[in-house]
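The next block holds one structure in the form of structure tokens; read it before the comments.
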Number of protein chains: 2
Amino acid sequence: MDKDRVYLDKSEIPKQWYNIMADMPKLPAPPISPITGKPVAPEELLAIFPPALLEQEMTDKRWIDIPDEVREIISLWRPSPLIRARRLEKALGTPAKIYYKHEGVSPAGSHKTNTAVAQAYYNKEAGIKRLTTETGAGQWGSALSFSCAQFGMECRVYMVKVSYFQKPYRKAFMKMFGAEIFPSPSELTNAGREALKRNPDMPGSLGLAISEAVEEAAGRSDTNYALGSVLNHVCLHQTVIGLETQKQFAKIGAYPDMIFASCGGGSNFAGIAFPFVLDKINGKKVTAVAVEPASCPTLTKGIYTYDYGDVAKLTPIMQMYTLGHDFEPPAIHSGGLRYHGESPLVSALYNQGLITAQSVPQLEVFSSALMFAKEEGIVPAPESSHAIAATIKEALKCKESGEAKTLLFCLSGHGHFDMMSYEAFTDGKLEDYAYPEAAIAESLKNLPEVK
Amino acid sequence: MDKDRVYLDKSEIPKQWYNIMADMPKLPAPPISPITGKPVAPEELLAIFPPALLEQEMTDKRWIDIPDEVREIISLWRPSPLIRARRLEKALGTPAKIYYKHEGVSPAGSHKTNTAVAQAYYNKEAGIKRLTTETGAGQWGSALSFSCAQFGMECRVYMVKVSYFQKPYRKAFMKMFGAEIFPSPSELTNAGREALKRNPDMPGSLGLAISEAVEEAAGRSDTNYALGSVLNHVCLHQTVIGLETQKQFAKIGAYPDMIFASCGGGSNFAGIAFPFVLDKINGKKVTAVAVEPASCPTLTKGIYTYDYGDVAKLTPIMQMYTLGHDFEPPAIHSGGLRYHGESPLVSALYNQGLITAQSVPQLEVFSSALMFAKEEGIVPAPESSHAIAATIKEALKCKESGEAKTLLFCLSGHGHFDMMSYEAFTDGKLEDYAYPEAAIAESLKNLPEVK
């Protein structure tokens, strides 16, 4: 067996997802309805989500069966490989052992496809014909487009306007799988029209694109909404990543001391980390590190409170770390991490001291990505490269201390659709944004009141 | 063992390349010098190639050792997986078994990296500090950029001008690995300047870009030239593909009846097919099919004669199938297959009836690609999709006849850098070019005279 490139058989794809709500010392407070100011009744959400996903959102069952149809589709790329980055270790001169779980092998090129397939499946089962969603960098929109195509469903994607024009390849990818793509803000929704009235040149934001997609889904009975991160059921579906990784480490008789994963809305981090957090709850020594951009530092600089998930205040109010729902993050080239909030589950675990967090500035992210690409032969997504940067930093600490720690990071996606960002970096056109302290302080003034 | 996704261990990467010159019934005639009109003396080529590659170009030794340094680098992605396309089979309703060898997993996203690493290695060994090359679609330039970075060598790429502007992601990829890229025709060489004088808006061609790269390499002692296809040593390095595939089929107790590979200069076809052609020579029943674009049908419509490899007539005159060195193929979205000539080895095998050929029109290529992407979850390169189209056609024949043939194709690369071509297709903007009969007839009038 090749211990540096650990494959599993299709039969070893997990048969169940792991639900960390069964094991957390304290659950996040229930989401609050933006209309009634009281905990959201499941019926309110049935306008945009199918019953099976709502149940997953709230259940405390530890293990949830993965439907066979979902396992069959994800078996196109799962189990994904666990790879030892020998050449990176050598280039760093570190005694640390560096492993990465390669989620970039999925059809849409990132971990997002894991939950996209599941969400399309449950919506199809519920008789839904059409899904709406938002996308920033395009990973999530790509994943949902692919997944809808598998079930013969229509897919409409509101793509943050600045990304729509910066990332034509992502748009083309989604069209290839039959999706309709609109730049957000659009003229198709009230939220979009109002934003355009305020500022016709508004570049868009994830929060606003969510508002548009939710508004459309809420208004049509054949249409539901799908979210690519933040929510509990999304984190749940991503746990296949960590569960496979545990099997792979067991095969080679190793176990990670530290786990690094980039963290925007939180689903990538949840996916690789939650199964290991269970180990930690059960007494194992392992540190999971959520890595976020220095210019959008939700966990490391935000506050733990209640906030909306979107700009137009259409979503439930959630207990989470937030920078304020109207905070507009600087235009860093990691669109997938430009989100003001954070998964309530990841937030609660962080608040309870079960996980840690770090932030990394943009230029360090890109120089780490280039090093990884040269040594390991894979161009990583800028989002994933946050985890690479943090891993490299830790590996260099090991070099100082002489510790041979086992480090794991999640390579959540490839960067083939991010080449213009890489060119901006090699051309010296990228910058490190100053920590947007004033903008965050300002937006934190507008948090909703919750009794 | 998973019989639908066949992995090999790193230790199973072939230790030797297979040289078909040891086994061909009749070798191609030796290349003719464009200056003397006589067979090229090795010394003439030493200005642009290192001795080790020249030796490989001419040797009749059957097995050539792969240097450890080369094996170590290609082990980043090799052995590449052999995958059964179960969902494609099902969608086609065919009794045929369809397998594909996935070369898109390489750092530059195509099979080209196999020879790029080897060529960079031998040049480095010979004290060369700098390589020049041409690239059309960008796969070869990307592969050589990555490979030069591995050995700390400089890399200068002349990129066909129309591709330079159509494929900014490819350019960015090459820059990421430190290469210099110039649109061809450029002002840097005589060949480029003369072409620009004739037509300042000339969109460029592979043949002209070759002229530029060769001219620069010939004029500098620290610089050599590297070619991504056509030549014998390039075909040799690609045989790792077929050799691995044979091991993989042996593991699952199967063997292909037919092998499909796209064919431009010929190295991809050579890579997967040559080891199986040896089987055929030894009496096994297997049909290897070179698949080319209907608008650049070198094998299926060209003639077997002597011709230059480039527009400026700087390269040796080779015995091969050709459409004439000044034939400018229609602007199909498969830049890697827009070449007037053909590997002399592939040409000789075709002429001797040991392999067959087919051509496919552009729209069929793209619709086959979309079907494959949806069913198998991988966006293929348009070049590779020629093989997919031919495989699908054969699978549908099997559906008619009820034969359960085993079909193999080489997925020579992914299409992540070709998304604008896919968008042109989904937007209905691509066309099937008429067979360019008149242009070919015209250019075949300008063949060199060889005594």
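All values below were derived from every heavy atom in this structure, side-chain atoms included, with hydrogens, water molecules and symmetry-related copies excluded. In the text below, chain A, chain B and the rest are named by the order of the sequence lines, each starting its count at 1.
- Taking the six-membered ring wherever Trp is involved, the centroid distance between the rings of B:H416 and A:Y169 does not fall below 6.0 Å.
- Taken from CD in A:E375 to CD1 in B:I73, the straight-line distance is 9.5 Å, to the nearest 0.5 Å.
- Heavy atoms of A:R5 lying under 4.5 Å from chain B belong exclusively to its side chain.
- In terms of modelled atom types and a separation under 3.5 Å, the side chain of A:E423 and the main chain of B:P168 share no donor-acceptor contact.
- Top candidate by heavy-atom pairs under 4.5 Å with chain B, chosen from A:A373, A:G377, A:S421, is A:G377.
- Atom OH of B:Y7 sits about 12.0 Å away from atom CG of A:D2, to the nearest 0.5 Å.
- Within a 6.0 Å radius of NZ in A:K129, no more than 12 heavy atoms belonging to other residues, nucleotides or ligands are found.
- Ranked by heavy-atom pairs under 4.5 Å with chain B, the first of A:V379, A:L76, A:T426 is A:L76.
- Side-chain contact between A:K175 and B:Y422 is absent, with no heavy-atom pair separated by less than 4.5 Å.
- Between chain B and the residues A:W77, A:F173, A:F417, the most heavy-atom pairs under 4.5 angstrom are made by A:F417.
- Two residues are said to be in side-chain contact when any heavy atoms from C-beta on lie closer than 4.5 Å; B:E72 and A:R87 meet this criterion.
- You'll find the side chain of A:K374 stays beyond 4.5 Å of the side chain of B:M176, heavy atoms only.
- Between the CG atom in B:D4 and the NZ atom in A:K10 there is a gap of 4.5 Å [rounded to 0.5 Å].
- Residues A:S75 and B:R86 fail the side-chain proximity criterion, which asks for heavy atoms closer than 4.5 Å.
- Looking at A:Q150, both its backbone and its side chain come within 4.5 Å of chain B, counting heavy atoms on both sides.
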